[in-house]
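Working notes for the structure below.
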Amino acid sequence: MSPLTKLFVVLLVLVSIVLTAGVVTFVNKVEPLQKTIVTLKSDVANAKQLLEQKNAEYAASVSALDKAQSDAASEAGSLRTAALTLRSTIEERDKAVAGLETKVAVLTSTT
């Protein structure tokens with residue numbers, strides 16, 4: 001054999017040793033990585049479920065707030081209407097009282 005062939009055989013042996021060491025190391029790390037990937041996927045699924053739950057709670061809160069605001073606006077409108085009705089009633093009675101006072105004054109002045 002020529003020296004060049006011997007050199008290539010030695011290089012081939014060295015490269016195969018390095019490749020074997022790399023493959024063994026990779027295979028040893030793949031299984032723990034697979035467990036980590038499964039754990040992380042589970043965590044992501046749990047986080048998505050929690051996010052959906054919180055979004056539903058938020059939507060329910062917003063709906064309740066909107067209903068409370070509309071109820072408050074309705075109540076304020078009815079109270080405003082009642083106040084205006086009472087005010088007009090008071091004004092009518094004030095006019096009636098003023099008319100009666102005028103009649104009393106006329107009757108007392110004539111007697």
Side-chain angles (χ1 to χ4, degrees):
M1 284 204 324
S2 72
L4 189 59
T5 305
K6 290 179 184 180
L7 177 67
F8 283 127
V9 169
V10 169
L11 286 176
L12 178 64
V13 169
L14 290 176
V15 168
S16 66
I17 290 172
V18 170
L19 177 66
T20 304
V23 168
V24 168
T25 303
F26 175 76
V27 169
N28 283 335
K29 288 184 179 180
V30 166
E31 188 174 325
L33 288 177
Q34 190 66 27
K35 290 178 184 176
T36 303
I37 289 171
V38 169
T39 303
L40 290 176
K41 284 183 180 180
S42 172
D43 291 346
V44 167
N46 291 338
K48 284 182 181 178
Q49 183 180 11
L50 181 63
L51 178 64
E52 289 174 6
Q53 178 185 0
K54 294 300 178 184
N55 280 339
E57 289 175 7
Y58 172 74
S61 297
V62 167
S63 173
L65 178 64
D66 288 344
K67 185 180 181 317
Q69 285 178 340
S70 68
D71 290 348
S74 173
E75 183 69 22
S78 65
L79 289 175
R80 187 175 297 119
T81 302
L84 290 174
T85 304
L86 289 175
R87 181 178 291 161
S88 68
T89 304
I90 289 171
E91 289 174 356
E92 288 174 6
R93 288 188 181 167
D94 284 345
K95 287 179 186 177
V97 167
L100 290 174
E101 286 177 349
T102 305
K103 287 181 183 179
V104 168
V106 168
L107 289 175
T108 54
S109 67
T110 59
T111 57

N/O donor-acceptor pair under 3.5 Å between S63 side chain and A59 backbone: no
Gap between atom CD of E75 and atom OG of S70 - 0.5 Å precision: 12.0 Å
Atom of V106, atom of S109 and distance for their closest heavy-atom approach: O-OG, 2.9 Å
Distance in Å, L100 CG paired with K103 NZ, rounded so as to fall on 0.5 Å steps: 6.0 Å
Distance (rounded to the nearest 0.5 Å) between I17 CD1 and L12 CG: 10.0 Å
Transitive ILVMFWY side-chain link L19 to V27, under 4.5 Å: yes
Straight-line distance of L79 CG to L84 CG, nearest 0.5 Å: 11.0 Å
Sidechain N-carboxylate O distance under 4.0 Å for E92, K95: no
Between CG on residue D71 and CD on residue Q69, distance to nearest 0.5 Å: 10.5 Å
Partners passing salt bridge (charged side-chain N to carboxylate O under 4.0 Å, His left out) against D94 (at least two apart in sequence or in another chain): none
Test log, rule side-chain contact (heavy atoms from CB on, under 4.5 Å), inputs V18 and L14: CA-CA 6 Å; V18 170; L14 290 176; 5.6 Å; no
Partners meeting salt bridge (charged side-chain N to carboxylate O under 4.0 Å, His left out) with K6 (sequence neighbours left out): none
CG-OG1 distance between D43 and T39, expressed to the nearest 0.5 angstrom: 6.5 Å
By side chain to side chain donor-acceptor pair (under 3.5 Å) - contacts of S2 (at least two apart): T5
Exam field: side chain T89 to backbone T85, donor-acceptor pair closer than 3.5 Å: yes
Heavy-atom neighbours of Q49 CD exceed 12 at 6.0 Å: no
